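Since we're looking at a predicted model, the values are computed, not measured. Convention: sequence-line order gives letters A, B, ...; per-chain numbering from 1.
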Number of protein chains: 2
Amino acid sequence: MPKPDHPEVTRARRGDLFDPACPTRLLLDRVGSKWTTMLVLLLSKATGELRFTELKRGMTGVSQKMLAQTLRSLEQDGLLDRRVEATSPPRVYYKLTERGESLAVPLRALREWAEANMADIQEHSRAVADHSGGDHRGEMP
Amino acid sequence: MPKPDHPEVTRARRGDLFDPACPTRLLLDRVGSKWTTMLVLLLSKATGELRFTELKRGMTGVSQKMLAQTLRSLEQDGLLDRRVEATSPPRVYYKLTERGESLAVPLRALREWAEANMADIQEHSRAVADHSGGDHRGEMP
DNA sequence: CGGGATCCATACAGATACTG
DNA sequence: CAGTATCTGTATGGATCCCG
């Protein structure tokens, strides 16, 4: 998730930082947020850099807060480069770093899987829900 | 996420179901939960089926509630097969469906990326945090 | 053993308002 | 334009109890 500061610390306080050595956990904590993945995917498509507003426009539904938060998170992780033009009004350009681009590869594979399978999954899911929902269930009196 | 019923409905009520057609969103809503991914990965490694307790043991830190919830979610999506032996005590075996196995492929790619890059990322992240934290910041008076 | 139901803490995400 | 700050609702995930 695009947590601003130190998620691990928070978790550590809870006493359940079970296996911090597992890198997959760490990655999923970041990829888990849909915006992180969408952002990487969006930037990996772009030829050059993209500005804040362009990104916001490309990611329908994201709030400026979430976008900024995700951007800072990716920047801190070294997956994103931020370039500021100190004009007025200022212009800020974002682009993936090499590492960021490399992350886009498995992410694209995931997206392809999603595009190939999610329709079936939704249908399956709905069918199951209908079955158990409309079969023998008595609604509230 | 392993939402029991209909996450889309909840979002729809909020009025911001921006682009429900995007399957990547849908997938990430499920993969986003770290347990979903871990579960698929764990089961894809297993030769045959695994029982509830074995799964719980393999996923350090998961609560039985989250495990059960994730299992139900995957089952409803048709990614998981559930087989009950009506003995006493009962035994329940889980294994991935074909589609579930196919999901494991891109997920494994993601894990490999994580194992190759997360250490660097963490270091980078920590270095940046240290820099901005101890450099020029005046703490509260 | 394999869960379902319930209660509860919180951290994640949205809306809004303010700055340079 | 490009954010930061605050306030708050709510879904998520954990703990616990209980049942077959």
Quiz item: Given that A/R82 and A/K65 both sit by DNA chain D, which one's nearest nucleotide is further toward the 5' end?
Solution: A/R82
Please determine whether a side-chain nitrogen or oxygen atom of [X] lies at a distance below 4.0 Å from atom OP1 or OP2 of [N].
| X | N | answer |
| --- | --- | --- |
| A/R91 | D/dA2 | no |
| A/R51 | D/dC1 | no |
| A/S88 | D/dC1 | no |

Nearest to side-chain heavy atoms of [X], which nucleotide of [options]:
| X | options | answer |
| --- | --- | --- |
| A/V92 | C/dG2, D/dA2, D/dG14 | D/dA2 |
| B/P90 | D/dG20, D/dG14, D/dC1 | D/dG20 |
| A/A68 | D/dG14, C/dG2, D/dG3 | D/dG3 |

Quiz item: Roughly how far, to the nearest 0.5 Å, is the CE atom of A/M59 from the CG atom of A/L39?
Solution: 5.0 Å
Rounded interatomic separation in angstrom, taking [atom1] from [X] and [atom2] from [N]:
| X | N | atom1 | atom2 | result |
| --- | --- | --- | --- | --- |
| B/R83 | C/dC1 | CZ | P | 18 Å |
| B/R30 | D/dG13 | CZ | P | 14 Å |
| A/L67 | C/dC12 | CG | P | 18 Å |
| A/R72 | D/dA5 | CZ | P | 8 Å |
| A/L80 | D/dA2 | CG | P | 14 Å |
| A/Q64 | C/dC12 | CD | P | 19 Å |
| B/E54 | C/dC1 | CD | C1' | 12 Å |
| B/L71 | C/dG3 | CG | P | 7 Å |

Self-check item: Comparing A/S63 and A/P89 on DNA chain C - which has the more 5′ nearest nucleotide
Solution: A/S63
Practice problem: Describe the nucleic acid contact of A/Y93 in one word from base, sugar-phosphate, nothing, applying a heavy-atom distance below 4.0 Å. | Solution: nothing
Quiz item: Side chains of B/V128 and B/H124: does their closest heavy-atom pair fall under 4.5 Å?
Solution: yes
Quiz item: Hey, does A/L80 have a side-chain heavy atom less than 4.5 Å from the side chain of A/L43?
Solution: yes
Quiz item: So does B/R51 pair up with B/E49, basic N to acidic O under 4.0 Å?
Solution: no
Exercise. For A/T97 and A/D81, indicate whether the former's side chain and the latter's backbone hold a donor-acceptor pair under 3.5 Å.
Key: no
